[in-house]
> 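Quick one: the structure is below, and I'll ask about it shortly.
Computed over heavy atoms, backbone and side chain alike; hydrogens, waters and symmetry mates excluded.
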Amino acid sequence: MTIKINYTKKGYDKSSGNLVLFVDEIFSIKPLKKYLSNTEFSYINDLLKTIDKKKNLFIFELNSKKKIVLISIKKNVKSFDIENLGAEFYGRINYGKNSEYSINSDSVTSNHKNFIGYFLHGLKLKSYEFKKYKTKKETRAIAINVVGNKNKPSIQNQLKFKSLEEGTFYTRDLVSEPGNVLHPDEYARRLNSLKKDGLKINIYDHKKLKKMGMNALLGVGMGSTRGSYLVTMEWQGAKNNSKPLAFVGKGVTFDTGGYSLKPARFMEDMTYDMAGSAAVVGLMKNLALRKAKINAVGVVGLVENMVSGDAQRPGDIVKSYSGKTIEVLNTDAEGRLVLADALTFTERKYKPKFIIDLATLTGAIIVSLGSEYAGLFSNDDKLSKQILEAGKKVEEKLWRMPLHKNYDKLMDSKNADMQNINYVGGAGSTTAAQFLQRFILNKTPWAHLDIAGMAFSKYGGALNSGGATGFGVRLLNQLIEENYE
């Protein structure tokens with residue numbers, strides 16, 4: 001579905017086609033009389049006496065060529081409420097042949113700044129579809145004409161929304177690609193193309209990583225015929241050389257579990273085991289497109305966890321980039337091995353203000369929180385509070401989970417400095433986070449977001465229609481805008 005949005009200062013012609021009007025939460029339509037003919041006003045007014053006004057949106061079909069859409073705005077409406085209204089509107093009009101709607105911005109009853117901008121942002125986010133491999137191409141389009149003089153987003157805000165949409169859609173595209181297409185070699189190639197957006201890209205291949213001592217990351221990819229990579233994306237948007245904000249992502253392009261083989265059922269979903277890295281990539285693209293006034297770096301480890309004669313075995317011991325040794329008791333606990341080297345590298349090389357990593361790390365977090373919240377683990381209360389507040393504002397919710405020295409002990413190994421799983425049982429997400437924390441060597445403020453339950457939705461959500469959600473891009477953009485720009 002193609003969405004075309006056009007802003008115009010022209011008023012609405014009553015004889016024109018489909019019209020979208022906004023009303024208060026009790027559907028007082030008297031202020032709308034100037035936008036309707038007398039017949040239309042009377043017809044809608046009569047119908048409103050008989051319908052359930054608890055709903056947000058009603059569509060009145062006046063004839064085969066004209067609809068009137070009424071959307072109610074509740075008091076003290078929040079930004080994500082407005083986005084959800086836009087998404088609901090899209091869901092109601094996403095059928096039939098090509099359609100054209102005029103949204104009358106003058107009818108907005110809310111004092112919320114940027115109401116129309118957030119409304120259209122929600123509409124655009126909901127409209128995303130991944131149909132790249134469908135041989136029958138759809139040609140449907142919806143044209144949105146924003147008419148009126150009030151409540152329209154500025155050019156600057158339009159660009160901000162567009163950048164955020166492009167970053168989110170890029171993330172969703174990456175997560176949606178099948179494993180035979182988006183393997184580590186292809187992933188690295190695509191990231192290299194982001195130079196055109198203004199990002200500085202560095203690609204560390206197997207030879208460089210081996211020389212650097214990144215054996216934890218390289219061990220995961222040993223069984224694949226594809227390469228293993230660490231890719232850095234740098235954005236220099238501040239006028240000074242201030243410490244960058246750092247974002248690290250797990251990029252396992254397909255996860256069989258290695259010799260600790262996953263069950264066949266639902267293994268096809270393991271194409272999205274790189275969603276943490278995709279969120280970092282989408283965020284960095286967004287920051288570059290909107291020319292964010294901060295310094296930031298994104299670091300992603302790209303590997304494929306396969307089974308072969310060269311693959312890592314349970315019981316292997318590897319020496320990480322930090323110098324610490326790891327006993328690999330379970331080859332399906334591979335994401336933390338990739339992140340271990342990436343975290344230490346990021347801290348040493350960039351000395352950032354903070355590090356936030358994102359990963360589809362554990363099934364245990366889905367058992368704990370389902371698909372409503374991502375798990376947040378952190379060594380810093382201030383950073384945690386900022387992330388939680390940002391999540392509330394964009395409705396990408398997180399729940400802070402515990403870290404404690406007693407959990408940390410469960411990751412000690414008899415044969416190496418640590419082991420990659422907790423064999424005692426329980427607290428799978430927390431012990432995984434404790435493992436990662438061991439690779440933050442200089443007490444840098446750090447947060448780990450376990451997004452296993454949030455990165456992909458089979459049934460869709462408020463702002464997505466099923467599949468890859470792009471979780472993390474809007475959350476981290478909000479964090480940056482609110483606290484660091």
Side-chain angles (χ1 to χ4, degrees), residues 1-74 77 81-110 115-129 136-152 460 462 465:
M1 174 70 73
T2 302
I3 306 291
K4 298 178 180 178
I5 296 175
N6 176 51
Y7 291 91
T8 174
K9 290 186 178 180
K10 294 179 180 179
Y12 176 74
D13 182 352
K14 292 182 182 180
S15 65
S16 298
N18 304 320
L19 175 63
V20 181
L21 296 168
F22 298 95
V23 295
D24 60 22
E25 56 190 339
I26 60 172
F27 284 87
S28 303
I29 66 166
K30 190 173 181 180
L32 305 181
K33 196 167 185 178
K34 56 188 171 183
Y35 308 122
L36 304 168
S37 70
N38 291 334
T39 302
E40 291 168 348
F41 181 83
S42 298
Y43 175 69
I44 293 172
N45 195 42
D46 288 342
L47 285 177
L48 283 173
K49 295 175 183 176
T50 64
I51 60 180
D52 181 6
K53 295 179 184 177
K54 292 180 182 178
K55 296 180 180 179
N56 296 316
L57 188 154
F58 292 99
I59 298 179
F60 303 94
E61 296 196 26
L62 303 181
N63 54 54
S64 61
K65 295 183 179 180
K66 185 171 185 178
K67 302 182 184 76
I68 301 291
V69 183
L70 288 189
I71 301 175
S72 71
I73 306 172
K74 63 183 181 183
V77 67
D81 292 322
I82 303 170
E83 291 169 350
N84 289 344
L85 284 176
E88 184 180 352
F89 171 64
Y90 173 78
R92 295 288 297 275
I93 65 175
N94 180 27
Y95 62 90
K97 298 180 180 179
N98 294 5
S99 300
E100 185 170 356
Y101 289 83
S102 293
I103 296 178
N104 192 310
S105 65
D106 290 342
S107 68
V108 172
T109 60
S110 172
F115 182 96
I116 293 295
Y118 281 107
F119 182 85
L120 294 175
H121 184 52
L123 184 155
K124 289 290 292 294
L125 290 171
K126 186 70 172 181
S127 73
Y128 173 87
E129 296 174 315
K136 185 178 179 181
K137 303 300 181 183
E138 290 188 18
T139 57
R140 291 185 302 154
I142 294 176
I144 304 291
N145 300 312
V146 183
V147 301
N149 297 303
K150 302 176 183 176
N151 303 303
K152 293 179 181 177
S465 298

> Within the structure provided, determine whether V20 and I71 are in side-chain contact (heavy-atom separation under 4.5 Å).
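They are in side-chain contact.
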> Do L62 and Y43 have side chains that approach each other closer than 4.5 Å (heavy atoms only, starting at C-beta)?
yes
> At their closest point, which heavy atom of V77 faces which heavy atom of S110, and how far apart are they?
CG1-OG, 3.5 Å
> First locate atom CD of E61, then atom CD1 of I68, and finally report the distance between them rounded to the nearest 0.5 Å.
11.5 Å
> Quick check: closest heavy atoms across N45 and K49, and the distance to 0.1 Å?
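Heavy atoms of N45 and K49 come nearest at O-CG, 3.5 Å.
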> Dump the intermediate steps for side chain to side chain contact (heavy atoms under 4.5 Å, CB included) on F58 and I44, then the final yes or no.
CA-CA 10 Å; F58 292 99; I44 293 172; over 6 Å; no
> What heavy-atom pair brings A462 and A87 nearest, and what distance separates the two atoms?
O-CB, 3.1 Å
> Quick check: does any side chain N or O of S42 sit under 3.5 Å from a backbone N or O of T39, one acting as donor and the other as acceptor?
no
> Distance under 6.0 Å and angle within 45° of the ring axis: does K33 meet both against F41?
yes
> Before you tell me yes or no, could you show the steps for Y90 and I3 under side chain to side chain contact (heavy atoms under 4.5 Å, CB included), namely the whole-Å CA-CA distance, both residues' side-chain angles and the distance that decides it to 0.1 Å?
CA-CA 10 Å; Y90 173 78; I3 306 291; 3.8 Å; yes
> Can you see which heavy atom on L32 is nearest to which on S107, and at what distance?
CD2-CB, 3.9 Å
> Nearest 0.5 Å, please: how far is CD in E83 from NZ in K124?
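Taking NZ in K124 and CD in E83, the distance rounds to 13.0 Å.
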> Return the minimal non-hydrogen interatomic distance between I59 and V69, and the atom names on each side.
CG1-CG2, 4.0 Å
> Do the side chains of T2 and I142 get nearer than 4.5 Å, heavy atoms only?
no
> Would you confirm whether S105, through its side chain, and K150, through its main-chain N or O, come within 3.5 Å as a donor-acceptor pair?
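Side chain of S105 to backbone of K150: a pair is present.
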> Looking only at non-hydrogen atoms, find the nearest pair between L19 and Y35 and report the distance.
CD2-O, 3.9 Å
> Indicate yes or no: at least one non-hydrogen side-chain atom of I5 is less than 4.5 angstrom from one of L120.
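Yes, side chains in contact.
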> Report yes or no: do E100 and N18 form a side-chain donor-acceptor pair below 3.5 Å?
no
> Below 4.5 Å, heavy atoms only, C-beta onward: do I103 and F22 meet side chain to side chain?
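In contact.
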> Would you compute the distance between atom CG of L21 and atom CD1 of I29 and round it to the nearest 0.5 angstrom?
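Here the rounded value is 9.5 Å.
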> Are the side chains of E40 and F60 in contact, using a 4.5 Å heavy-atom criterion?
no
> May I ask you to decide if G148's main-chain N or O and K152's side chain share a donor-acceptor pair within less than 3.5 Å?
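Pair found, side chain donor or acceptor close to backbone of G148.
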> Distance from L123 atom CG to E88 atom CD, nearest 0.5 Å?
11.5 Å
> For the atom pair NZ (K4) and CG (N6), what is the distance rounded to the nearest 0.5 Å?
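Atom-to-atom, K4:NZ and N6:CG are 11.0 Å apart.
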> Side chain to side chain contact (heavy atoms under 4.5 Å, CB included) for F115 and I73? Distances and angles first, verdict last.
CA-CA 10 Å; F115 182 96; I73 306 172; 3.4 Å; yes
> Atom NZ of K34 and atom CG of N104: how far apart are they, to the nearest 0.5 Å?
8.5 Å
> Less than 4.5 Å apart, any side-chain heavy atom of S465 and any of K126?
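Of all side-chain heavy-atom pairs linking K126 with S465, at least one is under 4.5 Å.
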> Determine, step by step, whether Y118 and N84 satisfy the side chain to side chain contact (heavy atoms under 4.5 Å, CB included) criterion, reporting the C-alpha distance in whole Å, the side-chain angles of both residues, the deciding distance to 0.1 Å, and the verdict.
CA-CA 9 Å; Y118 281 107; N84 289 344; over 6 Å; no
